[in-house]
Participant: 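My questions all concern the structure below.
Keep in mind that what you see is a predicted model, and the values were worked out from it rather than measured. Here, residue 1 is the first one in the sequence, and each next residue gets the next number.
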Amino acid sequence: QVQPVESGGGLVQAGGSLRLSCAASGRTISSYAMGWFRQAPGKEREFVAAVSKSGGITSYADSVKGRFTISRDNAKNTVYLQMESLKPEDTAVYFCAGGITTMVVKTTPNYWGQGTQVTVSS
């Protein structure tokens with residue numbers, strides 16, 4: 001199995017940028033599709049982005065399309081989420097997730113990280 005560990009969260013002003021990283025221990029992430037979810041206070045966890053095992057196919061929630069970019073470096077066993085033009089409504093705990101296929105990652109991931117807090121001030 002793979003154990004994701006997120007980093008890179010923090011406080012940023014609206015319009016700013018952050019890059020989240022997800023380093024995976026255990027099995028190599030090249031065996032898994034990977035993704036990012038987020039959960040804001042009082043709200044359900046929601047899908048943000050996913051990337052296929054090779055990195056060739058990506059998928060995004062409409063709310064982040066054009067602002068966020070998911071990528072992966074299988075040689076470094078790491079997945080990234082580059083976030084641009086951040087808005088206060090992007091404030092949430094961001095979770096890295098892994099699954100056997102992209103569809104599994106988007107719906108019912110097999111593996112979850114502990115999360116990293118992102119706060120966007122207005």
Participant: Please answer whether the main-chain N or O of I70 pairs with a side-chain N or O of Y60 as donor and acceptor at a distance below 3.5 Å.
Facilitator: yes
Participant: Quick one: do Y32 and V51 end up in the same hydrophobic cluster if we chain Ile, Leu, Val, Met, Phe, Trp and Tyr together by side-chain heavy atoms under 4.5 Å apart?
Facilitator: yes
Participant: Using only atom types and a distance under 3.5 Å, with no angle test, would you say the side chain of R72 pairs donor to acceptor with the backbone of G55?
Facilitator: no
Participant: Determine, using the 4.5 Å side-chain heavy-atom cutoff (strictly less than), whether M83 and F37 are members of one ILVMFWY cluster.
Facilitator: no
Participant: Treating N77 as the side-chain partner and T28 as the backbone partner, does any N or O pair qualify as donor plus acceptor under 3.5 Å?
Facilitator: no
Participant: Between K65 and D62, is a salt bridge (charged side-chain N to carboxylate O under 4.0 Å, His left out) present by the stated rule, with each step listed?
Facilitator: CA-CA 5 Å; K65 201 171 293 183; D62 287 343; 3.2 Å; yes
Participant: Is there a path of hydrophobic side-chain contacts, each under 4.5 Å between heavy atoms, that joins Y80 and W112?
Facilitator: no
Participant: Step through the shown structure and confirm whether more than 12 heavy atoms of other residues, nucleotides or ligands are within 6.0 Å of CD on Q39.
Facilitator: yes
Participant: Distance check, rounded to the nearest 0.5 Å: S122 atom OG versus K87 atom NZ?
Facilitator: 14.0 Å
Participant: Do V79 and L18 share a hydrophobic cluster (ILVMFWY, side-chain heavy atoms under 4.5 Å, transitive)?
Facilitator: yes
Participant: Hey, any chance W36 and F47 share a hydrophobic cluster, counting ILVMFWY side chains that come within less than 4.5 Å of each other, even indirectly?
Facilitator: no
Participant: Indicate the atoms forming the closest heavy-atom contact of S85 with R67, along with that distance.
Facilitator: O-NH1, 3.0 Å
Participant: When you look at R38 and L81, which way does the side-chain contact (heavy atoms from CB on, under 4.5 Å) test go after all the steps?
Facilitator: CA-CA 12 Å; R38 67 185 181 187; L81 184 68; over 6 Å; no
Participant: So which heavy atom on E6 is nearest to which on C96, and how close?
Facilitator: OE2-N, 2.7 Å
Participant: Check step by step if side-chain contact (heavy atoms from CB on, under 4.5 Å) holds for Q117 and T91.
Facilitator: CA-CA 8 Å; Q117 176 71 46; T91 294; 4.0 Å; yes
Participant: May I ask you to decide if the ring planes of Y94 and F68 are parallel, tilted or perpendicular, using 30° and 60° as cut-offs?
Facilitator: tilted
Participant: Tell me the closest heavy-atom pair linking T78 and S21, and the distance in Å.
Facilitator: CG2-CB, 4.3 Å
Participant: Can you see which heavy atom on S17 is nearest to which on Q82, and at what distance?
Facilitator: CB-NE2, 4.1 Å
Participant: If you take all heavy atoms of M34 and C22, which pair is closest and at what distance?
Facilitator: CE-SG, 4.2 Å
Participant: Of the non-hydrogen atoms in L11 and S121, which two are nearest, and what is the gap between them?
Facilitator: CD1-CB, 4.3 Å
Participant: Report yes or no: does R45 contribute a side-chain atom to a donor-acceptor pair with the main-chain N or O of F95 at less than 3.5 Å?
Facilitator: no
Participant: Judged by atom type as modelled, is there a donor-acceptor pair below 3.5 Å linking the side chain of N110 to the main-chain atoms of V2?
Facilitator: no
Participant: Are more than 12 heavy atoms from other residues, nucleotides or ligands located less than 6.0 Å from atom CD1 of I57?
Facilitator: no
